[in-house]
Amino acid sequence: MKQSFLVIIPVYNGEATIPSLLKRLSAADIDNFLFVNDGSTDGTGKLLAQQSLNQLDHIENRGKGAALMTGLNYAYDNGFDYVVTMDVDLQHPPESIVALLRKVDKQSVVVAWRRDYSKMPPHRIFSNAVTSLLLSIRSNMQIKDSQCGFRAFPSKIITQLTFIQHGFQFESELLMRAVLAGYRIRHVPIPTIYAGEKSAMRNVYDTFKFIAMYLRSFLW
């Protein structure tokens with residue numbers, strides 16, 4: 001396992017799942033983590049403050065990509081060599097963090113790969129398959145699960161690449177820009193976990209934003 005890493009957890013209205021996530025992080029012996037509260041309107045901010053957790057706050061909701069950028073800048077500025085990004089909704093098992101860190105190095109992005117599509121909603125299967133195929137074609141490297149935000153990579157990536165996306169498209173942008181800059185993509189299989197959680201993704205709107213970003217990428 002890499003010695004210097006920070007787990008970045010962007011959160012928007014995650015009050016319901018934070019307690020369970022904290023228990024699982026503790027059970028996995030993970031204590032280097034940062035919550036980025038992206039303008040939550042529920043009790044997230046109060047809960048994080050009560051727990052005295054390491055957190056940064058956006059006063060207004062700025063998008064998942066903006067929250068990840070805030071976390072990445074913090075990690076780099078504070079001397080962490082690697083970061084792990086994960087969601088707060090319990091779809092990303094903290095127990096797999098060690099497996100991600102074992103495969104990461106200074107020139108790779110390690111992406112968690114949900115192999116069992118049978119537990120994934122049909123519209124997410126289609127969306128993930130299409131975006132993964134397009135990103136694989138664009139980067140000339142196989143990307144098996146482009147929509148999984150559970151990843152490990154060097155924090156220095158924030159200084160090497162220029163990002164313009166602030167929403168969910170940031171995660172696709174990171175993969176494309178990283179590969180075009182010479183990074184390798186590696187994969188670690190994880191369980192597919194869906195329990196009826198309501199995603200913050202807006203399917204039609206975010207699909208159009210992905211297409212726009214994908215087309216613009218040919219001008220990079």
Side-chain angles (χ1 to χ4, degrees), residues 1-2 5-38 40 44 47-48 53-55 63-72 75 80 82-104 108-121 124-125 127-128 131-132 135 143-155 157 167-172 174-175 178 185-201 206:
M1 181 186 299
K2 307 301 176 182
F5 71 92
L6 179 69
V7 179
I8 301 171
I9 309 169
V11 52
Y12 176 68
N13 292 347
E15 178 184 16
T17 55
I18 287 173
S20 295
L21 178 59
L22 289 174
K23 290 180 181 178
R24 293 177 64 179
L25 286 167
S26 177
D29 292 324
I30 303 296
D31 53 15
N32 292 336
F33 53 83
L34 169 72
F35 285 91
V36 182
N37 178 20
D38 188 31
S40 296
T44 291
L47 175 60
L48 294 176
L53 297 171
N54 190 20
Q55 70 176 101
K64 187 178 184 181
L68 288 170
M69 286 280 288
T70 294
L72 278 168
F80 292 98
Y82 296 90
V83 299
V84 173
T85 61
M86 68 182 303
D87 293 347
V88 74
D89 60 7
L90 304 179
Q91 290 188 15
H92 301 160
E95 301 80 13
S96 295
I97 289 174
V98 172
L100 293 176
L101 290 169
R102 282 176 179 158
K103 293 199 73 171
V104 75
S108 66
V109 176
V110 181
V111 182
W113 167 34
R114 299 164 293 183
R115 292 186 296 182
D116 185 2
Y117 273 22
S118 68
K119 299 179 181 179
M120 194 178 293
R124 296 301 298 273
I125 295 174
S127 175
N128 196 21
T131 56
S132 296
L135 290 179
I143 297 174
K144 298 179 180 180
D145 194 343
S146 67
Q147 293 186 352
C148 186
F150 195 21
R151 303 170 177 180
F153 50 90
S155 64
I157 206 169
F168 288 100
Q169 297 72 33
F170 171 83
E171 293 173 321
S172 295
L174 186 146
L175 292 177
I185 302 297
R186 295 176 171 173
H187 297 89
V188 169
I190 64 167
T192 303
I193 303 170
Y194 276 92
E197 302 90 347
K198 183 178 180 181
S199 173
M201 287 187 68
D206 285 309

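Checked by atom type, the side-chain pair Ser146/Ser172 shows no donor-acceptor distance below 3.5 Å.
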>> Let's go through Gln147 and Ser127 carefully: what are the C-alpha distance in whole Å and the side-chain angles of both, what is the deciding distance for side chain to side chain donor-acceptor pair (under 3.5 Å) to 0.1 Å, and is it a yes or a no?
In response: CA-CA 9 Å; Gln147 293 186 352; Ser127 175; 2.6 Å; yes

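Atom CG of residue Leu25 and atom CD1 of residue Ile18 lie 11.0 Å apart, to the nearest 0.5 angstrom. In this structure, Asp89 CG and Ile193 CD1 are separated by 9.0 Å, a value rounded to the nearest 0.5 Å. Remark: Thr131 OG1 to Leu175 CG distance equals 9.5 Å, nearest 0.5 Å.
Smallest separation of non-hydrogen atoms from Leu47 and Glu15: CD2-O, 3.8 Å. When all heavy atoms are compared, the tightest approach of Ala178 to Val109 is CB-CG2, 4.0 Å. The two residues Cys148 and Arg114 make their nearest non-hydrogen contact at N-NH2, 3.6 Å. The shortest heavy-atom contact between Val83 and Leu72 is CG2-CD2, 3.6 Å. Residues Phe80 and Phe5 share a closest heavy-atom pair of CD2-O, 3.4 Å. When all heavy atoms of Ala112 and Leu100 are compared, the closest pair comes out as N-CD2, 4.1 Å.
Classification of Lys64 and Glu171 as a salt-bridged pair holds, one side-chain N sitting under 4.0 Å from a carboxylate O. We find that Arg115 and Asp145 are not joined by a salt bridge, their nearest charged nitrogen and carboxylate oxygen being 4.0 Å or further apart.
Of the residues listed (Asp87, Thr85, Ile97), the one engaging Phe150 in a side-chain contact (heavy atoms from CB on, under 4.5 Å) is Ile97, and it is the only one.
Leu21 places a side-chain heavy atom less than 4.5 Å from the side chain of Val88. Taking 4.5 Å as the limit, some side-chain heavy atom of Leu53 sits within range of a side-chain heavy atom of Phe33. Looking at Pro10 and Leu68, their side chains come closer than 4.5 Å, going by heavy atoms from C-beta outward. In this structure the side chain of Val84 never reaches within 4.5 angstrom of the side chain of Leu6, judged on heavy atoms. Counting heavy atoms from C-beta on, the side chains of Val7 and Met86 come closer than 4.5 Å. Side-chain contact between Gln91 and Thr192 is absent, with no heavy-atom pair separated by less than 4.5 Å.
Taking the six-membered ring where tryptophan is involved, the planes of Trp113 and His187 are perpendicular, since the angle between them exceeds 60° and thus also 30°.
With ring centers used as reference points, Phe170 lies 6.0 Å or more from Phe168.
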